[in-house]
Engineer: 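Below: one structure in structure tokens.
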Amino acid sequence: QVQLVESGGGVVQPGTSLRLSCAASGFTFSSFGMHWIRQVPGKGLEWVAMITYEGSKKYYVDSVQGRFSISRDNAEKTLYLQINSPRSEDTAFYYCARESSPWGGVTLGDGFDLWGPGTMVIVS
Amino acid sequence: DIQLTQFPSSLSASVGDRITITCRASQSIDKYVSWYQQKPGKAPNLLINGASTLQSGVPSRFSGGQSGAEFTLTISDLQPGDFATYHCQQTYTRWTFGQGTKVEI
């Protein structure tokens with residue numbers, strides 16, 4: 001079954017750390033760029049971070065640059081998001097998502113065609 | 001950074017109506033806009049990419065349009081399952097979402 005499943009969310013104190021995981025199955029994980037997107041309940045979507053299919057390039061939204069770190073283990077088919085020094089404004093649902101087309105980069109993409117159900121992070 | 005302005009933020013409609021949601025980009029982004037549908041408590045679902053390419057399984061009453069840097073999502077013959085929140089996204093360079101449009105009965 002083609003799916004993504006996030007884990008690792010919960011309540012975290014400001015200034016500590018948390019690592020989110022996203023387990024992939026049913027497709028060739030190592031061929032696709034992967035993203036983290038977050039959503040404050042009742043609000044819009046905010047793209048957070050992206051890692052290319054082979055892990056060589058990483059991109060972040062300005063508000064998390066230097067605090068969040070995206071990584072992947074293609075052998076384990078798992079995507080990660082390390083959240084350091086979380087702030088109250090990082091409280092949100094966090095989704096992982098797959099690029100629609102394989103081997104994509106930072107430009108000219110085709111959207112995200114597979115999403116996980118999300119995991120909630122509460123910074124308090 | 002490329003900004004997307006999506007409007008309206010919400011709208012009320014009835015079953016059978018035709019509605020249009022608009023997304024305006026802060027600069028030219030060619031055809032690189034995708035549209036998503038999100039229902040309460042669920043992850044977004046990709047409906048359209050490349051401004052007008054319908055994803056497999058998406059009903060033909062959904063359509064995407066473009067005029068310059070302005071993009072539209074039109075739903076004709078609104079069905080009960082279409083009441084949801086819709087998001088636009090640009091993928092021309094990096095990734096940005098619009099603010100979302102909640103379609104209510």
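A, B, ... follow the sequence lines: proteins, then strands. Residue 1 opens every chain. No hydrogens, no waters, no symmetry mates; every other heavy atom, side chains included, goes into these values.
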Engineer: Just wondering, do B/Y32 and B/Q90 contact through their side chains at under 4.5 Å, heavy atoms?
Structural biologist: no

Engineer: Just give me the residue among A/G111, A/G44, A/G109 that pairs up with chain B most often, heavy atom to heavy atom, under 4.5 Å.
Structural biologist: A/G109

Engineer: Short question: side chain of A/D73, backbone of A/Y80 - any donor-acceptor pair under 3.5 Å?
Structural biologist: no

Engineer: Determine whether a donor-acceptor pair (N or O, by modelled atom type, separation under 3.5 Å) exists between the side chain of B/Q6 and the backbone of B/C88.
Structural biologist: yes

Engineer: By number, which residues in residues 38-63 of chain B have some heavy atom less than 4.5 Å away from chain A?
Structural biologist: B/Q38, B/K42, B/A43, B/P44, B/L46, B/N49

Engineer: In terms of heavy-atom pairs under 4.5 Å with chain B, which of A/L108, A/T107, A/V61, A/D62 leads?
Structural biologist: A/L108

Engineer: As an exercise: rank B/T96, B/I29, B/T85, B/T93 by heavy-atom pairs under 4.5 Å with chain A and give me the winner.
Structural biologist: B/T93

Engineer: Any donor-acceptor pair under 3.5 Å linking the side chain of B/S76 with the backbone of B/R18?
Structural biologist: no

Engineer: Return the SG to CG distance between A/C22 and A/L4, rounded to the nearest 0.5 Å.
Structural biologist: 4.5 Å

Engineer: Taking side chain as everything from C-beta outward and backbone as N, CA, C, O, which of these in B/Q99 sits under 4.5 Å from a heavy atom of chain A? Side chain, backbone, both or neither.
Structural biologist: backbone

Engineer: Any residues in residues 82-97 of chain A near chain B, with a heavy-atom distance under 4.5 Å, and which are they?
Structural biologist: A/Y95

Engineer: Regarding A/S101 and A/E99, is there a side-chain donor-to-acceptor distance under 3.5 Å anywhere?
Structural biologist: no

Engineer: Taking A/K58 for the side chain and A/I70 for the main chain, is one N or O donor matched with an acceptor at less than 3.5 Å?
Structural biologist: yes

Engineer: Give a yes or no on whether a salt bridge exists between A/R98 and A/D113, defined as a side-chain N under 4.0 angstrom from a carboxylate O.
Structural biologist: yes

Engineer: Quick check on A/E6 against chain B: is it the side chain, the backbone, both or neither that has a heavy atom closer than 4.5 Å?
Structural biologist: neither

Engineer: Counting only heavy atoms closer than 4.5 Å, note whether B/S34 contacts chain A via side chain, backbone, both or neither.
Structural biologist: side chain

Engineer: With distance as the sole test, does A/R72 use its side chain to make a donor-acceptor pair with the main-chain N or O of A/F29 at under 3.5 Å?
Structural biologist: yes

Engineer: Which bit of A/I37 is near chain B, if near means a heavy-atom gap under 4.5 Å: side chain, backbone, both or neither?
Structural biologist: side chain

Engineer: In terms of ring plane angle, is the pair A/W115 and B/Y36 parallel, tilted or perpendicular, where the classes change at 30° and 60°?
Structural biologist: perpendicular

Engineer: Counting the benzene-type ring for Trp, do B/H87 and B/W35 have ring centres under 6.0 Å apart?
Structural biologist: no

Engineer: Does the side chain of B/T22 pick up a donor-acceptor pair with the side chain of B/T72 at under 3.5 Å?
Structural biologist: no

Engineer: Are A/Y60 and A/F68 near enough that their ring centres are under 6.0 Å apart?
Structural biologist: no

